[in-house]
Protein chains: 2
Amino acid sequence: MADQLITLSDVATAAGVSLSTASKALNGTDRISAATREHVRVTADRLGFRHNALARSFARGRSQTIGVLTHRASNPFSRVVLATVAAELGAKEQAVLLYDARMDEQDITESVLQLRARRIDGVIVIGTGTSFPTPSLTDRFEVPVINAFTVTEDPADVTITADDVAIGRLAATHLLAGGRRRIVHLTAEPHDLAAQRRAEGAREVLAAAGLDWATPVRFGRWREEWGEEAATEVLAAVPDVDAIFCGSDAIARGAERVIRASGRRVPDDVALIGVDNWEQLMHDQRVRRHLTTIDVGLEEIGRLVADRLLEPDLEPGIQYAVPQLVIADTA
Amino acid sequence: MADQLITLSDVATAAGVSLSTASKALNGTDRISAATREHVRVTADRLGFRHNALARSFARGRSQTIGVLTHRASNPFSRVVLATVAAELGAKEQAVLLYDARMDEQDITESVLQLRARRIDGVIVIGTGTSFPTPSLTDRFEVPVINAFTVTEDPADVTITADDVAIGRLAATHLLAGGRRRIVHLTAEPHDLAAQRRAEGAREVLAAAGLDWATPVRFGRWREEWGEEAATEVLAAVPDVDAIFCGSDAIARGAERVIRASGRRVPDDVALIGVDNWEQLMHDQRVRRHLTTIDVGLEEIGRLVADRLLEPDLEPGIQYAVPQLVIADTA
DNA sequence: AAGAAAAGCGAAAGCGGTTTCGCAAATCAC
DNA sequence: GTGATTTGCGAAACCGCTTTCGCTTTTCTT
C-alpha cells in the first residue's frame, strides 16, 4: 500500500511555502491570506497528506486520548456506558485508554500516574451506579474529570448519572395511573444509594396521592433470587397486593415467577414494573419486550459524558439522565 | 498537585550522566554498566520521573494505541468483546481508539486513513459473529490486524472467533447424553454462517449416533418471536419431540414459552438448550441461571485478541475460542 | 606485552509537527 | 506623503525522548 510518508514539509515544498506557513494554513491559526491558505489546502489534498497525529500530540502536549477508569469493566451496566463513550469519543478523534481498576488506593494511584504520563486530555470515571459515594479523583488530575454513573464524595465534582428519584417517581406514577393502590416495593441493600433514592421517589408520589406502601419496602440484594424471596414474603403479608415495583429487572424477574406460581395473573392481578430495561439494552431487539420497566438512560449518560468532557468550561455539579418508561406486558 | 515537569534530562543531570545514557539505562537498551543503570533508576525514582508517553511514542513512531473497528458497537455481543479487549489492553498500556463504522466502503476508508495517521500499533476488527464473511482489511494497514468474532473473505487473515461447529456438537452431545432422541433445531437465517455451522456441528453428532433431526431444521431469525413461531410449527409437526436445540438463547426463550403453553414440561417432556449464555454474560450473576446454554466464549475471544495482537509474529489463520456448556434447568 | 575486540558512555541528529518572533510589504491615518 | 499599523510570511526554537555513531577505556587473545 502507498507509503504514508507525506509530511508537512513535503506539502510546504510542493506548495512553495515555508513549513510554518503550511502548518498555519492547515490549522487556520495565525494570519494567512485566504489565497495561500486555499493553495496549501489543495496541495495537501492532492498529496493525500494527513497530519501525523503523534507528532502533533507531542508538539501540542495533548494526546487526543481520554482516560477511563472503571471499577469492573465486566459489569454489564458499566459496559454499556463504556461502549457508548468509546464510540462517541471515537467520532471525535479521541482514543480511550481504559484502566480497569480494583479501585483500591494503590491501584488508583498507579493508574493516575500512568494516565498523567500519557498526557490524557480528560478522565472519565465509570462507576456501577449503586452503593456508596466514591472518593473524588478530580484533584488528582489537571485535566477535566467526569464521573459517570456514580456519585462522588465531593459535590463540586462533575457527575452525570441516573436520576434515581425520577425513576422511582416514574414507576409509581405509572402504577397509580393504572389504577393500582396496594403497591409494594422490593429492592436492594438498604445502604445502596440507588435503591434508597428510587424508593424515595416512588414514595413521594404515593404520598402525594394520599397513599403509602402496602407493606414496608423490602430491602435485599440486586438479584433474581432476592426477588423470589421477597415476593413470597409480600404475597403472604399482603395477599391482595395489586402492584409490585422492583428496584431492578432482575428482582422483577424473580418476583414474577413467584407471583405466577401463586396462581395470580400478571398484570391482571398484580402489575409488575422493574428498572434497567435490560431486555432491550442487553439484547438489542432480539428478545421480545416482556417486562414493563424503566430505562435509566445508560446510553444517554455515555453520550453526555463524551460531549461534555470536551467542553471548554465544565460546570461542576450533578447532571441527571432522563429515565424513560418502557411499557410492555407486566404493567 | 505536584507539577509533572520532571524530564529525562532532569534525571540525567541529577544522576550526573548524559541524556542518552539515562535513556538507555531506563530502557535497558544498549550497553550500560549495571552500576550506572541502577544509579539512574534510583535517581529517576527519587525524582518521581515518568516517561512522557507522548514524546516517547513520537520518537518511536509507535503510538501505544490499538485501533478498533466495529460494525455496531451497540450490539451486545460486540460490546462484550470490546470491553474485554479494552480492559486487557489497558493492562498493557495500550489505549483503544474505537471507530464505530457503518462499514460501508467510504466510512471504512476514512477510518483507515485516520487510524494510519495516528500510527496505531495494531487493528482489531470486531464483527457481529454472524452473517457473511466480511471484506478483509489486513492489507490496508502495515500493522497487525486481527479479526474478532467475525470471519473475513481472506483465509490468510488472522481471525479469532467462536467455534460454531463445536458449539453445535456440544449441544447435540449433551442432549443425546440426556437420553433425547427426537431432536429438532431452530435457528436463524439460512445464509447466516454461525447458524449454518452450529446446525452442521450438531447434525454431525446426531449422524454419528445414527440419528437425524426429527424434522428439518427451521431457519428464521435471531429473535425470540421466531422461537415462538418455529416452536409452534415443530410441536405440530413432531408432537413427541423430546429436545429442541435453539441457535440462540433468544430463540430458546420464545420456544420455551410455547412449549410450556402447550402443556409440556421443560425439561421433563422437552429439553431445551440455547447458545450465548447471556443470562450470565449480560447480567453478571444478577439473574438466576435458568436456560441451559452454551457459552461461545466472547470474553475469551477478547482476551486472546488482546494477547495475540502484541505478539511479534502473528500466525495467519482462524483460531477458535472453546465453547462451554452451561447447564441449568432446561436440559 | 601488543594488538584486537568489547564495553561504557556522550554528542548530536532526528521524529514531525507547533509556535514565537521578527521582518518586509501593504494598508491605514491625517 | 510620511509615519504608524496591520498583514502575510519565514526562520528557528522547541516539545522530550530514542538511537546512531564515534570515541575512549577496559578486557580479551595469543
Side-chain angles (χ1 to χ4, degrees), chain A residues 3-41 43-44 47-65 93 113-114 116-121 142, chain B residues 3-41 43-44 47-65 93 113-114 116-121 142:
Chain A
D3 283 355
Q4 172 88 15
L5 290 175
I6 312 107
T7 150
L8 183 58
S9 79
D10 297 338
V11 174
T13 306
V17 299
S18 77
L19 178 60
S20 42
T21 300
S23 171
K24 295 169 201 164
L26 293 178
N27 287 313
T29 56
D30 212 340
R31 296 163 306 187
I32 297 290
S33 75
T36 318
R37 188 185 310 279
E38 194 49 28
H39 176 223
V40 172
R41 289 219 169 114
T43 314
L47 299 183
F49 168 77
R50 293 242 162 189
H51 286 93
N52 177 332
L54 248 44
R56 194 177 220 187
S57 290
F58 173 53
R60 298 218 257 234
R62 307 193 323 111
S63 60
Q64 305 257 94
T65 299
E93 293 289 291
L113 288 174
Q114 292 188 359
R116 289 168 51 94
R118 286 198 63 146
R119 302 291 192 275
I120 41 144
D121 299 348
E142 57 285 309
Chain B
D3 283 355
Q4 169 87 20
L5 290 176
I6 312 106
T7 148
L8 184 58
S9 80
D10 295 339
V11 175
T13 307
V17 299
S18 77
L19 178 60
S20 43
T21 299
S23 171
K24 294 170 202 164
L26 293 178
N27 287 313
T29 56
D30 212 342
R31 297 163 304 187
I32 298 289
S33 74
T36 317
R37 189 185 310 281
E38 195 48 27
H39 175 223
V40 172
R41 288 218 172 117
T43 313
L47 300 183
F49 169 77
R50 292 243 162 189
H51 285 93
N52 177 331
L54 248 43
R56 191 176 224 189
S57 290
F58 173 52
R60 290 184 176 163
R62 308 193 322 111
S63 59
Q64 303 257 96
T65 299
E93 292 291 290
L113 288 174
Q114 293 187 0
R116 290 169 49 96
R118 286 197 63 146
R119 302 292 191 274
I120 40 143
D121 299 347
E142 56 285 309

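Remember, it's a predicted structure, so these values are computed and weren't measured experimentally. Chain letters run A, B, ... following the sequence lines, proteins first, then strands; residues in each count from 1.
- Within residues 28-39 of chain A, the residues having any heavy atom closer than 4.0 Å to DNA chain C are, in order of number, A:Asp30.
- Spacing between atom CG of B:Leu54 and atom P of C:dG16 amounts to 15 Å, rounded to whole angstrom units.
- Ion pairing of A:Arg116 with A:Glu142 is present here, as a side-chain N (NZ or NE/NH1/NH2) and a carboxylate O approach within less than 4.0 Å.
- Counting atom types as modelled, B:Lys24 pairs a side-chain N or O with a base atom of C:dG10 as donor and acceptor under 3.5 Å.
- When the P atom of C:dG17 is taken as reference, atom CD1 of A:Ile6 falls 10 Å away, rounded to whole Å.
- Distance, A:Arg56 CZ to C:dC15 C1': 16 Å, rounded to whole Å.
- A:Ser23 and A:Ser20 are not linked by any side-chain donor-acceptor pair at a separation below 3.5 angstrom, with hydrogens and angles left out of the test.
- If you check the side chains of A:Asn27 and A:Arg56, you find a donor sitting under 3.5 Å from an acceptor.
- Between B:Arg62 atom CZ and D:dG16 atom C1' the separation is 18 Å, expressed in whole Å.
- Spacing between atom CG of B:Asn52 and atom P of D:dT18 amounts to 10 Å, rounded to whole angstrom units.
- You can call A:Phe58 stacked on the base of D:dC15; the centres are under 5.5 Å apart and the planes sit within 30°.
- A donor-acceptor contact under 3.5 Å links the side chain of A:Ser20 to the base of D:dA11.
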